[in-house]
Amino acid sequence: MSRTYTTRRQGIVNALVGKLKDIDGTGFFRSNVNENVSPRLKFWDEVEEFPALHLNAGSETRQYQASGFKDRFLSVTIRCYVSDEDAVNALDELLEDVETVVEENSRLLYKDRNNADQYTQQITVVSIDTDEGVLEPLGVGEMLIEVRY
């Protein structure tokens, strides 16, 4: 028996992880994450390879529409780690690559808990924040996105 309403948080995060692993330094990508993308946040001391991307599903809200339809909004944090002599520039390039992937996959295919194909309606970059070089040669940035599905 399948449920009408299932959580889709992990399915969306896993689909984003898959797309972010495409950042390989070729084509228009300036960074190469070597598939070093994780569907969960890690502490600094757990990060062993750079650059690295770690995702975390945050709060989720609902907007109820007419006829019983509802939109779901999921906040996802993408934390970016770099280690470079020019960490500010390396972090900017990685954040540009992440934003490119997010923008190009705004209608993202993912699997729900019933293993059915689903699509996001829209993915929006809400904010981007960095350490501005205070941790150089390490750098950390954070992109907050909102996934509407």
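Note that the structure is predicted; figures quoted are calculated from it, not measured. For the numbers below, each heavy atom of this structure counts, side chains included, while hydrogens, waters and symmetry mates do not.
- Contact annotation: the side chain of Asp24 approaches that of Phe29 to within less than 4.5 Å [non-hydrogen atoms, C-beta and beyond].
- Phe50 has its side chain within reach of Leu138: a pair of non-hydrogen atoms, C-beta onward, lies under 4.5 Å apart.
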Under 3.5 Å, side-chain donor or acceptor atoms of residues 140-149 against the rest of the protein: list the pairs with distances, not counting sequence neighbours.
from, atom 1, to, atom 2, distance (Å)
Glu142, OE2, Arg79, NE, 2.9
Glu142, OE2, Arg79, NH2, 2.5
Arg148, NE, Asp71, OD2, 3.4
Arg148, NE, Gln121, OE1, 3.3
Arg148, NH2, Asp71, OD2, 2.5
Tyr149, OH, Glu60, OE2, 2.1

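- One distance of note links CD1 of Ile12 with OH of Tyr110; it measures 4.5 Å at 0.5 Å rounding.
- The line from CZ of Arg62 to CG of Leu74 is 9.0 Å long, rounded to the nearest 0.5 Å.
- Residues Tyr119 make up the rest of the hydrophobic cluster containing Leu109, defined by ILVMFWY side-chain heavy atoms closer than 4.5 Å, directly or through other members.
- If you take CG on Asp22 and CG on Asn105, they are separated by 8.0 Å, rounding to the nearest 0.5 Å.
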Next on the checklist: For Asn36 and Glu49: C-alpha separation, side-chain torsions, deciding distance, then whether side chain to side chain donor-acceptor pair (under 3.5 Å) applies.
Outcome noted: CA-CA 7 Å; Asn36 194 15; Glu49 294 181 39; 4.7 Å; no
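- Of the options Val37, Leu41, Val17, a side-chain contact (heavy atoms from CB on, under 4.5 Å) to His54 is made by Leu41 and by none of the others.
- Connectivity analysis of hydrophobic side chains (ILVMFWY, heavy atoms under 4.5 Å, direct or indirect) links Phe43 to nothing; its cluster partners are none.
- Minimum heavy-atom separation, Gln122 to Ser106: CA-OG, 3.5 Å.
- Side-chain N or O atoms of Asn114 include none that pairs as donor or acceptor with a backbone N or O of Ala116 at under 3.5 Å.
- With values rounded to the nearest 0.5 angstrom, Arg107 atom CZ is found 11.0 Å from Ile123 atom CD1.
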